[in-house]
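Below is one structure, written out as structure tokens; comments come after it.
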Number of protein chains: 2
Amino acid sequence: MNIKKIDHQSILRLLEEKGISPSFQRIKILEYLFLNRTHPSVEDIYKDLSSELLTLSKTTVYNTLKLFVEKNIVKAIGIEKDFVRYDIDISPHSHFKCIKCGKIYDLKINEEKDNNIDEGFKKVYSEKYIYGICKNCK
Amino acid sequence: MNIKKIDHQSILRLLEEKGISPSFQRIKILEYLFLNRTHPSVEDIYKDLSSELLTLSKTTVYNTLKLFVEKNIVKAIGIEKDFVRYDIDISPHSHFKCIKCGKIYDLKINEEKDNNIDEGFKKVYSEKYIYGICKNCK
DNA sequence: TTTAAAGTTGTAATAATTACAAAGTTGTAA
DNA sequence: TTACAACTTTGTAATTATTACAACTTTAAA
């Protein structure tokens, strides 16, 4: 499906850089995120990795993603009403959700001069979600 | 607290316009939203109205807000991780959340030429959330 | 007044996430 | 190698927002 490959060494280097000890589970979850650029949920990751990691626990997936978000390796995406998606691409961009097929698309951000934030307010981060109909569903 | 007043007649007219029969609960909830421009949650509304509407049920608050959202009287705001806020102001604007005090501020939108949505994609609606530190908390 | 539809209520079910304690793993110092 | 502490994983239970649903109440029309 996804062409982009990531080698084991890069995974290890990334974890190392961020001061995260490279457990088998963490490596596998991070690798999964690199190979599946679909903004997967905990459920997705858990289901897909379970066949390989027979004893994987959902709690581990939650713990690991929490850690990755804290260490700024992945970004949590609040585009869904009732669960969180995760994005391995932490560069500034926004998301489009097709309200028909449910697919999430990445959107380049339009270097907007960041809104009318009043003086005295300090932006830390922001998120933009666009909902609509995608090309395939029209 | 909030200066903006709304009279009973306007509330009734608005419900009428949208084809919503004006039950006591609906009137009170809508009035609450007009008087409390704080992007309240179901919990907020339920707690605050309970003293006046002794038998109010949380389900009624959920039902009513669902109806209001469908009829385009209020907008659901997904700025929080684990509950929904509601905004009586349905005009296009974005939201700022102070990560220190938790307060939500309205932001005028910077008539951005709506992002780089690829041709063939059709936007239906969008949301922008900015997180940071507000004036009072610096 | 009768009756059906609409609205409200309380409780139970659902589902994502977190809390927590027990079990397993790893690395290091003796 | 052994002992031990720190870290990691796991499974279960708790939490919490929201939805489902059925019973009850209100409303409005005939």
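Naming: A, B, ... by sequence-line order, numbering from 1 per chain. Given the structure is predicted, the values throughout are model-derived calculations rather than measurements.
Here dT18(D) presents its C1' atom at 15 Å from CZ of Phe83(A), a figure rounded to the nearest Å. Look at CZ on Arg85(B): it is 11 Å from P on dT18(D), rounded to the nearest Å. If you measure from atom CD1 of Ile27(A) to atom P of dT8(D), you get 12 Å, rounded to the nearest angstrom. Per the geometry, CD belonging to Glu43(A) stands 13 Å off C1' belonging to dT14(C), to the nearest Å. Taking atom CZ of residue Arg26(B) and atom P of nucleotide dT9(C), one finds them 11 Å apart after rounding to whole Å. Taking atom OH of residue Tyr86(A) and atom P of nucleotide dA16(C), one finds them 12 Å apart after rounding to whole Å. The distance between atom CG of Asp82(B) and atom P of dA15(C), rounded to the nearest whole Å, is 19 Å.
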Side chain to side chain contact (heavy atoms under 4.5 Å, CB included) for Glu70(A) and Leu67(A)? Distances and angles first, verdict last. CA-CA 5 Å; Glu70(A) 280 163 14; Leu67(A) 179 68; 4.3 Å; yes
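Distance check, rounded to the nearest 0.5 Å: CZ of Phe96(B) to CG of Asp106(B) gives 12.5 Å.
DNA chain D is contacted by Thr55(A), Leu56(A), Ser57(A), Thr59(A), Thr60(A), Asn63(A), Lys81(A) of residues 55-81 of chain A, taking any non-hydrogen atom closer than 4.0 Å.
Applying the Watson-Crick and G-U wobble criteria (two distances, each under 3.5 Å), dG10(C) pairs with dC21(D). dA15(C) and dT16(D) make up a base pair, with Watson-Crick or G-U wobble contacts both under 3.5 Å. Under the Watson-Crick and G-U wobble criteria, each requiring two contacts below 3.5 Å, nucleotide dA30(D) is paired to dT1(C).
Nearest to the side chain of Gln25(B), among dG7(C), dT8(C), dA17(D), sits dT8(C).
With contacts defined as side-chain heavy-atom distances shorter than 4.5 Å, the pair Leu15(B)/Lys71(B) does not qualify.
Checked by atom type, the side-chain pair Asn36(B)/Thr38(B) shows no donor-acceptor distance below 3.5 Å. Side-chain atoms of Thr60(B) and Asn63(B) form no donor-acceptor pair, as typed in the model, at a separation below 3.5 Å.
Taking side-chain N and O atoms only, Ser23(A) has a distance below 4.0 Å to OP1 or OP2 of dT9(D).
Below 30°, between 30° and 60°, or above 60°: for Tyr131(A) and Tyr125(B) the angle between ring planes is below 30°, a parallel geometry.
Aromatic ring centres of Phe68(B) and Tyr86(B) lie farther apart than the 6.0 Å criterion allows.
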